[in-house]
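Inspection log for the structure reproduced underneath, given as structure tokens.
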Amino acid sequence: MPSHPDRIKTPGVDATTGSLGQGTSLAAGIATGLNMQGSENYVYLIVGDGELNEGQCWEAFQYLAHFKLNRCIVIIDENKKQLDGTTQDILNPFDIEEKMRAFGFVTHKVKGDDLIAIDQAIEDCKKIEDQAVCIVLDTIKGQGVKFFEEMDANHSVKFASEAVQIATNQALEELRKGRA
Ligand SMILES: Cc1ncc(C[n+]2csc(CCOP(=O)(O)OP(=O)(O)O)c2C)c(N)n1
Ligand SMILES: [Mg+2]
């Protein structure tokens with residue numbers, strides 16, 4: 001995966017994004033088109049918690065909620081960090097789940113490394129018929145590799161080869177345990 005989602009490079013990614021916030025409007029547009037066509041397809045919109053700094057996100061959310069576009073499943077990656085620090089220090093998002101509820105969404109909050117819980121939350125979202133839906137993932141930035149998890153500034157990192165070896169070994173260890 002490149003650092004920004006790229007529909008040419010990553011199978012399963014349908015929209016190339018990178019300018020924060022724009023993916024929310026794009027997903028709302030795709031969801032509107034599908035709805036007009038009577039399609040039963042789903043749109044999965046993944047948004048960062050720092051990305052929520054962008055006012056554009058809230059405009060798109062309000063739109064999704066107003067038009068009850070419940071086939072757009074909004075997934076917020078609440079890893080508590082953004083590019084240059086913690087979300088709390090840079091621009092406090094307060095309670096994201098509560099905010100999404102206030103915007104008219106049905107919400108679920110699950111641990112970001114619990115695949116079964118995420119799958120269940122998606123299935124629960126699909127049962128909602130007349131309201132927009134959102135899953136807030138409680139995540140850890142760099143999860144699965146202690147070396148990254150414990151690093152303060154872990155948005156984009158340059159490594160000495162020794163650090164690469166430590167991180168790789170930790171990742172392999174996690175994979176062996178079936179947790180990464
Ligand atoms: C409009 C816009 N402003 C700034 C940036 C630079 N930028 C890239 S990632 C990022 C932080 C995003 O934080 P978050 O959404 O929490 O993602 P995470 O780093 O946790 O994956 C910023 C400010 C950008 N890509 N687009
Ligand atoms: Mg983040």
Side-chain angles (χ1 to χ4, degrees), residues 1-31 43-65 72-103 105 107-115 117-119 121-122 125 132-159 163-164 167-168 170-171 174-175 179-180:
M1 296 178 83
S3 73
H4 286 168
D6 187 324
R7 72 183 183 86
I8 307 289
K9 294 191 174 134
T10 311
V13 170
D14 294 320
T16 298
T17 52
S19 186
L20 299 175
Q22 291 189 357
T24 59
S25 307
L26 188 48
I30 295 170
V43 182
Y44 296 88
L45 165 64
I46 303 176
V47 189
D49 49 2
E51 184 171 14
L52 296 178
N53 292 1
E54 297 289 338
Q56 181 172 4
C57 299
W58 300 99
E59 184 178 353
F61 293 157
Q62 194 168 352
Y63 174 92
L64 287 170
C72 179
I73 299 180
V74 178
I75 300 171
I76 297 178
D77 173 22
E78 188 177 11
N79 60 11
K80 280 75 72 179
K81 278 185 174 179
Q82 53 194 94
L83 186 149
D84 40 2
T86 65
T87 51
Q88 191 108 31
D89 286 342
I90 303 296
L91 197 63
N92 192 348
F94 297 95
D95 188 327
I96 293 173
E97 194 183 9
E98 206 176 299
K99 272 161 78 172
M100 293 306 283
R101 284 210 194 108
F103 264 69
F105 281 70
T107 62
H108 296 277
K109 187 159 189 173
V110 294
K111 287 267 175 214
D113 63 338
D114 187 340
L115 297 185
I118 295 170
D119 198 47
I122 290 173
C125 284
V133 292
C134 170
I135 300 167
V136 179
L137 297 180
D138 178 11
T139 52
I140 298 167
K141 198 162 175 171
Q143 187 156 17
V145 184
K146 276 259 166 291
F147 188 86
F148 293 126
E149 285 183 21
E150 289 166 0
M151 190 182 282
D152 272 342
N154 63 354
H155 187 84
S156 49
V157 187
K158 288 205 175 103
F159 293 105
V164 172
T168 306
Q170 288 180 351
E174 290 296 313
L175 280 170
R179 283 169 41 197

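From a predicted model like this one, the values you see are computed outputs, not experimental measurements. For ligands, and for the atoms within them, numbers begin at 1 and follow the listed sequence.
- Expressed to the nearest 0.5 Å, how far CD of Q56 lies from CD of E51 amounts to 8.5 Å.
- Side chain of Q170 to backbone of G144: no donor-acceptor contact under 3.5 angstrom is found.
- With rounding to the nearest 0.5 Å, the separation of CD1 in I140 from CD in E150 is 10.0 Å.
- By the criterion of a heavy-atom distance under 4.0 Å, the backbone of K81, and not its side chain, is placed next to ligand 1.
- Within ligand 1, the atoms closer than 4.0 Å to a non-hydrogen atom of G18 are 24 (C), 25 (N), 26 (N), numbered from 1 in the order shown.
- Close contacts between ligand 1 and S19 involve ligand atoms 1 (C), 26 (N) [criterion: under 4.0 Å to a heavy atom].
- Scanning the protein for heavy atoms near atom 18 (P) of ligand 1, the closest one is K141 NZ, 3.5 Å.
- Sequence neighbours left out, the pairs with a member in residues 132-153 that pass ring pair (Phe, Tyr, Trp, His ring centres under 6.0 Å) are F148-F159.
- The local environment of CZ in R101 is crowded, with over 12 non-hydrogen atoms from other residues, nucleotides or ligands closer than 6.0 Å.
- In summary, the atoms of ligand 1 found under 4.0 Å from a heavy atom of G50, numbered by their order in the structure, are 13 (O), 14 (P), 15 (O), 16 (O).
- In this pair, F105 and F61 present their aromatic rings perpendicular. The plane angle is above 60°, beyond the 30 to 60° band.
- Looking from atom 23 (C) of ligand 1 to the surrounding protein, the closest heavy atom is L20 CD1, 3.7 Å.
- Below 4.0 Å from some heavy atom of G48 lie the following atoms of ligand 1, by number and element: 15 (O).
- Screening I135, L52, D138 for a side-chain contact (heavy atoms from CB on, under 4.5 Å) with I76, the sole residue that qualifies is L52.
- A donor-acceptor pair is defined here as one N or O able to donate and one able to accept, closer than 3.5 Å; such a pair exists between the side chain of N154 and the backbone of K141.
- Panel note: side chain K111, backbone A117; no donor-acceptor pair is recorded below 3.5 Å.
- Residue-ligand proximity, E51 to ligand 1, at heavy-atom distances under 4.0 Å covers atoms 14 (P), 15 (O).
- For atom 11 (C) of ligand 1, the closest non-hydrogen atom of the protein is L83 N, 3.4 Å.
- Of the heavy atoms in D49, both backbone and side-chain atoms come closer than 4.0 Å to ligand 1.
- Only protein N, O or S atoms were considered, and those under 2.8 Å from the Mg ion (ligand 2) are D49 OD1, N79 OD1, K81 O.
- A side-chain contact (heavy atoms from CB on, under 4.5 Å) with V74 is found for exactly one of T107, V133, L64, V136, namely L64.
- We find the SG-CD1 distance between C125 and I75 to be 8.0 Å, quoted to the nearest 0.5 Å.
- Remark: side-chain polar atoms of K81 are paired, donor with acceptor, to backbone N or O of D152 under 3.5 angstrom.
- Protein heavy atom nearest atom 3 (N) of ligand 1, with residue, atom name and distance: E54 OE2, 4.0 Å.
- When only interatomic distances are considered, the shortest N/O to N/O separation between Q82 and ligand 1 does not fall below 3.5 Å.
- Checking only distances, N79 does come within under 3.5 Å of ligand 1, N or O to N or O.
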